There are 2 protein chains.
Amino acid sequence: MTGSPSPPHPRLRRTAGDRRAQLVQIGLELLPTTPVQELTIDEVARRAGISRSLLFHYFANKREYYTAVTRAAADLLWEHLMPAPGTPPEEQVTGMLDRYVGWVETFRESHLAFVRGAAGGDPWVSEVYEETRGRLVEVALAALGLPDDARHRQLVLAWFAFTEDLVGSWADEPTMTRPELLALLRDVLDRLVAR
Amino acid sequence: MTGSPSPPHPRLRRTAGDRRAQLVQIGLELLPTTPVQELTIDEVARRAGISRSLLFHYFANKREYYTAVTRAAADLLWEHLMPAPGTPPEEQVTGMLDRYVGWVETFRESHLAFVRGAAGGDPWVSEVYEETRGRLVEVALAALGLPDDARHRQLVLAWFAFTEDLVGSWADEPTMTRPELLALLRDVLDRLVAR
DNA sequence: CGGCTTGCTGAGCAACGCTCAACAAGCTAC
DNA sequence: GTAGCTTGTTGAGCGTTGCTCAGCAAGCCG
C-alpha cells in the first residue's frame with residue numbers, strides 16, 4: 001500500500017494492425033463460450049489489457065467489432081474448405097465435404113457457436129456467413145458442372161442447411177460411420193440436383 | 001402547460017392473467033421487426049401503457065419474458081401443424097408439410113424472424129424451439145411407422161433444417177410450383193428414411 | 001368505514017455502449 | 001540531443017437499459 005503506484009503495465013504501444021488483429025483474435029477465442037453479440041467491450045478490453053476507449057478507436061461501434069470477428073471466423077472456414085488449385089472438378093465436392101466434416105469434428109463447439117451466431121438475430125452478422133455460403137455454392141455448382149441459377153442455388157443452400165444440421169448432431173452422437181455419413185450427404189446432393 | 005397534470009390514463013387495473021397475456025401478445029407483434037432478445041423492456045412497457053417495473057412483476061427478468069414470447073410463437077406453429085385427431089397416418093406427414101408451407105406463405109416475415117431468433121445465440125430461446133422440433137419429429141416418425149431411435153431422429157431433424165431453408169427461400173423467390181415443392185420435400189424425406 | 005390483498009408506480013442503482021478532450025510513445029528533422 | 005509531429009492510448013463522463021425496492025392505491029370484504 002505504501003509503495004509507489006507502480007505502473008502495472010509498461011504501457012506497451014502496438015502498431016494499428018497488430019492491435020486490431022489482437023482484438024479480433026480475442027473475439028475468436030471468446031466465440032465458443034459467448035454468443036458474438038453478447039461479447040462485452042469491457043471483457044475484450046480487459047483481456048487485451050487496454051481501455052474500452054481504444055477498442056472504439058479501431059471499431060466504430062460494437063456491431064462493427066463483432067462483425068469483424070464473425071468475418072474472421074468465416075474466412076478461416078472458407079480457407080480450410082477451398083480445394084487446392086488444380087484439383088479435378090469431380091473430386092472438389094467430395095474433398096470439401098470431407099474437410100467440412102473434419103472441421104466440425106475438430107472445432108465442434110466453436111463451429112456450432114459460429115453457425116448459431118451467424119444464423120441468429122442480427123442481420124449484420126448473418127450477412128457475413130450468407131456471403132460465404134453463397135461463394136461456397138458457386139464453387140460447388142461449378143465443380144458439379146451445373147448452371148448457377150436461382151433454382152440450383154436454392155437447392156444447394158438448403159442442402160447446406162441439411163448438412164450443417166446432420167454433421168453437427170452426428171458429431172455429438174455418431175449414429176453411423178464417417179464414410180457412411182459422407183456417402184449419404186453426397187448421395188442426397190446428387191439426387192437433388194439430378195432433376 | 002398551464003393545465004392540470006390530468007392523468008392521461010384512468011389507471012386501469014387488470015387481472016394477472018390478462019396482463020401477462022397482453023405482454024406476451026405485444027412481444028409477438030414486435031417479433032417480425034425485432035430479434036426477440038433485442039426487445040427492450042422500455043418499448044414493451046410503453047406499448048402496454050405500464051411502467052417498466054410491472055413487467056418485472058410478471059417476469060423475473062428479461063430472458064424469462066422473451067422466452068415466454070418465443071414459447072407462445074412455437075405453440076402457435078405447433079397447433080397449426082398438428083394433424084386433426086383421426087387422420088390416417090399416411091396422410092399426416094403430407095398434411096403437416098402442406099400446412100407448414102401455408103404457414104410460411106402467410107407469416108413469412110414473422111416466421112423467418114421466429115426461426116432466426118430460435119436458431120440464434122441464446123440457448124434459452126433455442127431450447128424452446130428445439131423442444132417443439134423434437135415433438136414434431138416424434139409425430140412424423142410415428143406417422144411414418146418408423147422407430148424413434150437416435151439415427152432416425154437425426155435424419156428427420158436434418159430434413160427439417162433442409163425444409164425450413166428451402167421453403168423460406170422458395171417463398172421469397174418461387175423457383176418451382178407449390179405441388180412440385182411439396183413433392184420434392186416429401187420425396188427427399190422418403191428416400192432418407194428408406195435406408 | 002377499516003382493513004386486506006395485490007396490481008402497480010417512481011426513484012434509483014449498476015452495467016454497458018459510446019464520446020471527447022487530452023496525454024504520451026516513438027519517430028523524423030534539424 | 002532536442003524540438004515537433006503523428007498517432008496509439010487513456011480517463012472522465014453521459015445516456016440507455018436491465019433490474020430492485022419501498023410504498024401507493026384499486027377493488028373487495030367485513
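Here the structure is a predicted model, which means the values were calculated and not measured. Just so it is clear: chains get the letters A, B, ... in the order the sequence lines come, proteins before strands, and each one is counted from 1.
- Between A:His57 and the phosphate of D:dG8, there is a side-chain N or O to OP1/OP2 separation shorter than 4.0 Å.
- Side-chain N/O atoms of B:Tyr65 include none lying less than 4.0 angstrom from OP1 or OP2 on D:dG18.
- Not one side-chain nitrogen or oxygen of B:Arg52 sits closer than 4.0 Å to the OP1 or OP2 atom of C:dA11.
- Side-chain polar atoms of A:Gln22 and A:Arg19 form a donor-acceptor pair below 3.5 angstrom.
- Of all nucleotides listed (C:dC16, C:dC8, D:dT10), C:dC8 comes nearest to the side chain of B:Arg19.
- Comparing C:dG17, D:dG18, C:dC8 against the side chain of A:Thr40 picks out C:dG17 as the nearest.
- Using a 4.0 Å heavy-atom criterion, one finds that A:Phe59 contacts no nucleic acid atom at all.
- Checked against A:Tyr100 for a side chain to side chain donor-acceptor pair (under 3.5 Å), the options A:His111, A:Glu164, A:His80 give a single hit: A:His111.
- Comparing D:dT10, C:dT19, D:dG18 by their nearest atom to the side chain of A:Phe56 picks out C:dT19.
- Between A:Leu55 atom CG and C:dG17 atom P there is a gap of 10 Å when expressed in whole angstrom units.
- Checked for salt-bridge contact, A:Asp75 and A:Arg71 miss the test: no charged N lies under 4.0 Å from a carboxylate O.
- Distance from the side chain of A:Arg13 is smallest for D:dG8 among the nucleotides D:dT10, D:dG8, D:dT17.
- Distances from the side chain of A:Ile50 to the nucleotides D:dT10, C:dG26, D:dT17 place D:dT10 closest.
- Residue A:Ser53 places its side chain closer to D:dA12 than to any other of D:dT9, D:dA12, D:dT17.
- In this structure, B:Leu39 reaches the sugar-phosphate backbone alone: every heavy-atom distance under 4.0 Å involves primed, P, OP1 or OP2 atoms, never a base.
- Under the 4.0 Å criterion applied to side-chain N and carboxylate O atoms, A:Arg178 and A:Glu105 are assigned as salt-bridge partners.
- When the nucleotides C:dC20, D:dG8, D:dC19 are ranked by their closest atom to the side chain of A:Leu54, D:dG8 comes out on top.
- Side-chain proximity of A:Arg14 to the nucleotides C:dG17, D:dT9, D:dG18 is greatest for D:dT9.
- Taking a cutoff of 4.0 Å between a charged side-chain nitrogen and a carboxylate oxygen, B:Glu43 and B:Arg46 qualify as a salt bridge.
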